[in-house]
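Here is the structure we will look at, set down as structure tokens.
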Amino acid sequence: MAPVAPKVKLNNGYEIPVLGLGTWLSREGEGISAVKAAIDAGYRHIDTAFLYRNEKEVGQAIREKIAEGVIKREDIFVTTKLWNGFHDPAHVEEAFNRSFSNLDIGYVDLYLMHTPMSYQFVAWEPEDPDVPSVPEFTEVDYLDTWRAMEKLLETGKVKSLGVSNFNSEQIARLVKECKVKPVTNQVECNPGLNQRKLTEFCNNHDITLTAYSPLGRPNYYEKDPINTPKPALDDPRVLAIGSKYNKTPGQVILRYLVDIGTIPVPKSSNPERLRQNIEIFDFKLTDDEIKILDDFNTGKRTVPFALSTSHKYYPFNIEF
């Protein structure tokens, strides 16, 4: 029987599985096959975004698995995101409805503000993530965007709201000024950027931390080792821990991230890798092993949003 990730309760009473499937760059046929394989492997948490241009594929895969009787709609937790170009409050509802229609699964479990930074609205079609363009900034206050998102809860089409790529000061401001507290902050988090301080800050506000790029983007390192932090996957210390538990380095790292209180969403379309990534709930790292993984932290990002560093609300100019 396929393993199923345990759940944690969000601050609004809903529950989220502590491990999910990331779908960045899973498009067209790969998007459908990866999500279906993930559901067969036991995943009950799928993370997508309007920017990823695969919401239709994610939704189709889920509907097909529901039709097969593998899952019911209420068994699976689906996240999507509001892109930067739609931050104007006048665009928020339409942006959400487009994602809602793309997915076509009855409701969205979690809707995130993709970043606190607003870009000029260009078109409703998302940009090609393979060909990033230099964005034209606007100064829409993310609090105004959030207040427009809050109104979405009244529609019944979405159950929870959250943020992504927010720093501690931005979260504190949002919590202080707005009615609805975000249930999660989704940020890059891996051994090289373990987000310990931000996790603690979020926990103190009853906000979970979801970890994207949990394995450190090894494919980016292979292409550009000078500018990309080296992932911990092939380090002898990680290999030794894996040998002890008969686990892969990736499994050790994902277990570490769960053990330090985050919710990793690793991306994969390889059925064997998908299976490995969720088979992390039959062991637990010791305190000493967690300290070993902590030693990899350098604070360097593999996703620095380099084209947006001059934005008024660029989130990475402070420590956390």
- [ ] Decide, yes or no, whether a salt bridge links Arg147 with Asp144 under the criterion of side-chain N to carboxylate O below 4.0 Å.
- [x] yes
Open item on the list: Classify the ring geometry of Tyr119 against His311: parallel below 30°, tilted from 30° to 60°, perpendicular beyond 60°.
Closed with: tilted
TODO: Please step through side-chain hydrogen bond (donor to acceptor under 3.5 Å, both in side chains) for the pair Glu188 and Asn165, ending with a clear verdict.
DONE: CA-CA 8 Å; Glu188 180 182 353; Asn165 298 299; over 6 Å; no
Task: Basic-acidic side-chain contact under 4.0 Å: Glu169, Arg173 - done: no
Task: Main-chain N/O of Asn297 paired to Asn194 side chain as donor or acceptor, under 3.5 Å - done: no
- [ ] Give the intermediate values and the outcome of side-chain contact (heavy atoms from CB on, under 4.5 Å) for residues Leu215 and Asn190.
- [x] CA-CA 6 Å; Leu215 301 177; Asn190 48 61; over 6 Å; no
Task: His45 side-chain N/O to Pro17 backbone N/O, donor-acceptor pair under 3.5 Å - done: yes
- [ ] Return the set of residues passing ring-ring contact (aromatic ring centres under 6.0 Å, His included) with Tyr111 (not counting sequence neighbours), or none when no residue passes.
- [x] Phe96
Task: Any pair counted as salt bridge (charged side-chain N to carboxylate O under 4.0 Å, His left out), so long as it reaches residues 304-320, sequence neighbours left out - done: Glu139-Lys312, Lys197-Glu319
- [ ] Establish, for the pair Arg98 and Phe50, whether the NZ or CZ atom is under 6.0 angstrom from the six-membered ring centre and no further than 45 degrees off its axis.
- [x] no
- [ ] Could I get the full list of ring-ring contact (aromatic ring centres under 6.0 Å, His included) partners for Tyr245, not counting sequence neighbours?
- [x] Phe283
Task: Connected via hydrophobic side-chain network under 4.5 Å: Phe201 and Leu10 - done: yes
Open item on the list: Please tell me whether Leu21 and Val78 are part of a single hydrophobic cluster in this structure, the criterion being side-chain heavy atoms less than 4.5 Å apart.
Closed with: yes
Task: Tyr107 with Ile62, same ILVMFWY side-chain cluster at under 4.5 Å - done: no
- [ ] Indicate yes or no: does Lys65 engage Asp40 in a salt bridge with an N to O separation below 4.0 Å.
- [x] yes
Task: Sequence-distant partners of Asp287, salt bridge (charged side-chain N to carboxylate O under 4.0 Å, His left out), two or more places apart - done: none
Task: Minimum-distance pair of heavy atoms, taken over all atoms of His87 and Thr115 - done: CE1-O, 3.0 Å
Open item on the list: Check the orientation of Trp124 and Phe121. Use parallel for under 30°, tilted for 30 to 60°, and perpendicular for over 60°.
Closed with: perpendicular
TODO: For side-chain contact (heavy atoms from CB on, under 4.5 Å), just list the numbers for Gln186 and Asp47, CA-CA rounded to whole Å, side-chain angles, deciding distance to a tenth of an Å, and then say yes or no.
DONE: CA-CA 10 Å; Gln186 184 178 130; Asp47 182 272; 2.9 Å; yes
Task: Salt-bridge present (Lys151, Glu93; N to O < 4.0 Å) - done: no
- [ ] Kindly assign one of parallel, tilted or perpendicular to the pair Phe316 and Phe305, based on the angle between their ring planes and the thresholds 30° and 60°.
- [x] tilted
- [ ] Tell me, please, which residues at least two apart from Asp259 pass salt bridge (charged side-chain N to carboxylate O under 4.0 Å, His left out).
- [x] Arg255, Lys284
- [ ] Return the set of residues passing ring-ring contact (aromatic ring centres under 6.0 Å, His included) with Phe296 (not counting sequence neighbours), or none when no residue passes.
- [x] none
